[in-house]
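Owing to the predicted nature of the structure, the values given are computational and were not obtained by experimental measurement.
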Amino acid sequence: MPRRTQRYSKIGDTMKTIDLSGKWNYKTDIDNSQTIDSIKFENNNFNLPGSTCDNRIGKKTEYFDKISKEAVRAPRERYEYIAPLWLQKKVNIPNDTDGKTVRLFMERVNIASELWIDGVKTDRQIIELSTPHIYNLTGKITPGEHTFTLKIDNRNLLNLDTMASGYSVDTQGYWNGVIGRIELQYEEKEHIDSIQVYTDDKGITLKIVETSDVHSPFKTEKATVTVNVTSPKGDLLGEKIFETKVFNSKQVDYFRYDISEIDYWDEFNPNLYTATVKYGCNGHTDIKSVKFGMRTIKTENKKILLNNRQISLRGTIDCAIYPLTGYPPMDIEVWRKNFKTIKSYGLNHVRFHAWCPPECAFNAADEIGMYISIEMPLWLNHDVCALETGEDPIHRQYFMQEAINISKTYGNHPSFIMFSNGNENMGDFDMLNDITTCIKAYDNRRIYTLTTNFDHPIMPCEDYLCAYEAGGHNVRIQNCQDKAAENTSLDYSSAVKDVPVPIISFEVGQYCVYPDVDLIEKYTGNILPVNLDAIKKFMIEKNVYHKLNDYIKASGDLAVKLYKEDIEAALRTKDFGGFELLSLSAYTGQ
């Protein structure tokens, strides 16, 4: 892990950052008994960004002696720590922060954080899985040296159970820590807080949130907003200047910018524009840029239309399985490699299974031309969990806010074409309907569904259905093998006829291949392959380990044939929305 000292950098023209990565003091708190007044830090070698497993903190995982359901369930973190963790660091705040807007930015935290500065609590606890944790320190910090204390808590505070890929022992584990960027950000009080780009077939509408020091209804400030757009070829398309009045400390304005000759974004032509916005107010200027793709998406006559042309989704899923780290990659190069590999198989789509990836994944998908579907970390039904969706009242409050956070944070990315509340949810569909109706009204840049999987009557807010049954008809061959065995004419036209929205077949495949236990040697990082080890021991005990390659080839050959039949049935169905495989890689939770 790279070790970095505190450094200063600039984003755009006006925002400055102080990098807080590197060594922090830490203290474990297994029974959650420590307070800011009682905590005593004795160790100074916790590296951020990183997890407790990265830092070899927690209960060391041991291999199982014998095979059992628990042994083969999934790999495990080499060091498992599920409890609060305290972190502390002295930070030198420079003089030019005085009078500025100041924030602490942590790109991804699992699952909750609290912050104290010089022993004084700052704001409420943040509980957030999919987007950055951000603390507003404006007026709460002065130039000079200050002690920052964090409490990171990865316990199941949201009653999510164990299945959603965003928080699951089956996939990325229950890692504790902070990954990605961790930094102080500061800029003038008159700055652009957010830019959202809404595209259509004539240009863009910009939703810009401007901030200022105006706090009175009797006071206004004149301001200008200047917009420049750069084409995918690097050509400047022209400048537009808008005059506005700032009447509030954080206000919203909409500005229109037409584009005459549009280079659309899609899987074959991942064209990216850049909008640069300059905001001038009260003698201060802020400049921020955002990349976007000119694309529209809608459903019409049971078709998915991208830029008014029908597309067919050929997808796989990502369950947040990254054994070397035990948490999602925060490096864009990893995502570029992943998406290029997926495209090399002839696929154009990735569904993120009950979790949302970090910003760099969206950036890579934009560049490469990958269509992605995002889900919240929600997978609750009585078949797999003690709870159903919505049985805990916190679900309604949390997931409504989570949907908005995801939209605000990642909504500009053209690759982000689909959104589902989660995977295989049952329970309170009134809650799911409310969330979907609200978020769709808030952000029309993608298509929506209540939940991925399970046939149900289509709600007015839903644009598509992703399930293994649709309108009472099977749309993958696991449940109609006899008919598939008769000939190669099986299709899902009956489902298309009876369902009013496009259908995407859910988790096509799921065909078991004998586990390659020789992959154990590749698990060199944070995740320990206890499941493969238990299976290997069992094979040796039963004197069949020498047949491993034969078992893999035989089961793999059958799986390939079955995948082929499943995919061809989807492809031969007229106006079928597409399919999502389970998957190009193994699912460690089974």
Side-chain angles (χ1 to χ4, degrees), residues 164-166 168 170-172 266-268 270 304 306 311-323 328-329 334-358 360-362 364-375 377 379 413 415-420 422-424 446-447 449 451-453 464-468 475-478 492 502-513 516 519 556 559-571 573 576-590:
S165 295
S168 173
D170 293 331
T171 58
Q172 58 184 299
D266 62 22
E267 63 183 286
F268 307 107
I304 301 173
L306 185 79
I311 63 169
S312 175
L313 296 175
R314 308 176 306 280
T316 185
I317 67 173
D318 185 310
C319 294
I321 298 168
Y322 295 96
V334 176
W335 291 104
R336 285 173 176 147
K337 179 182 177 181
N338 290 352
F339 291 145
K340 286 178 181 178
T341 299
I342 290 167
K343 270 206 157 183
S344 74
Y345 281 83
L347 304 183
N348 63 4
H349 170 54
V350 178
R351 171 185 154 230
F352 286 88
H353 174 281
W355 77 293
C356 177
C360 54
F362 291 89
D366 293 345
E367 291 178 12
I368 289 166
M370 183 65 67
Y371 306 137
I372 59 179
S373 175
I374 300 302
E375 297 176 355
W379 180 1
H413 293 280
S415 55
F416 182 8
I417 68 167
M418 301 164 72
F419 180 85
S420 167
N423 177 73
E424 295 193 355
R446 59 201 54 88
I447 55 176
T449 190
T451 178
T452 310
N453 203 23
Y464 68 96
L465 175 67
C466 180
Y468 68 80
V475 290
R476 67 183 192 195
I477 67 170
Q478 277 101 325
Y492 308 127
I503 301 166
I504 301 159
S505 51
F506 170 84
E507 295 185 0
V508 168
Q510 301 198 24
Y511 303 115
C512 294
V513 176
D516 184 357
L519 290 175
V560 167
K561 290 182 171 67
L562 292 170
Y563 267 101
K564 180 176 182 291
E565 292 295 327
D566 235 326
I567 292 169
E568 288 181 352
L571 292 177
T573 303
F576 203 59
F579 61 84
E580 293 168 349
L581 303 177
L582 184 68
S583 68
L584 286 187
S585 57
Y587 177 60
T588 51
Q590 292 178 342

Taking side-chain contact (heavy atoms from CB on, under 4.5 Å) as the definition, give me every residue that meets it alongside [X], ordered by chain and number, with sequence neighbours left out.
X: Leu306; value: Asp266, Arg295, Ile297, Ile311, Tyr371
X: Ser583; value: Thr316, Ile317, Ser585
X: Ile567; value: Leu571, Phe579, Leu581

Residues two or more places apart in sequence or in another chain: which of them pass salt bridge (charged side-chain N to carboxylate O under 4.0 Å, His left out) with [X]?
X: Glu375; value: Arg351
X: Glu367; value: Arg336
X: Lys343; value: none
X: Lys340; value: none

_Is the shortest side-chain heavy-atom distance between Phe576 and Leu313 below 4.5 Å?_
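Heavy-atom side-chain distance check fails, nothing below 4.5 Å.
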
_Ser420: side chain to side chain donor-acceptor pair (under 3.5 Å) partners, not counting sequence neighbours_ =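 Result, side chain to side chain donor-acceptor pair (under 3.5 Å) vs Ser420: Thr452.
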
*With Asp366 via side chain to side chain donor-acceptor pair (under 3.5 Å) - residues at least two apart*: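 Per chain and number, Asp366 pairs via side chain to side chain donor-acceptor pair (under 3.5 Å) with His413, Ser415.
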
Please list, chain by chain and in numerical order, all residues satisfying ring-ring contact (aromatic ring centres under 6.0 Å, His included) with [X], sequence neighbours excluded.
X: Tyr322; result: Trp335
X: Phe416; result: Phe362
X: Tyr511; result: Tyr563

*Kindly give the heavy-atom pair with the smallest separation between Pro329 and Pro358, and that separation in Å.*
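Looks like O-CG, 3.4 Å.
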
_Tell me which one of Ile374, Ile447, Ile372, Thr449 satisfies side-chain contact (heavy atoms from CB on, under 4.5 Å) with Met418._
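It is Ile447; the other options fail the test.
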
*Taking Glu507 as the fixed residue, which of Gln478, Glu580, Arg476 is the one that meets the side-chain contact (heavy atoms from CB on, under 4.5 Å) rule?*
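For Glu507, the side-chain contact (heavy atoms from CB on, under 4.5 Å) check succeeds only for Arg476.
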
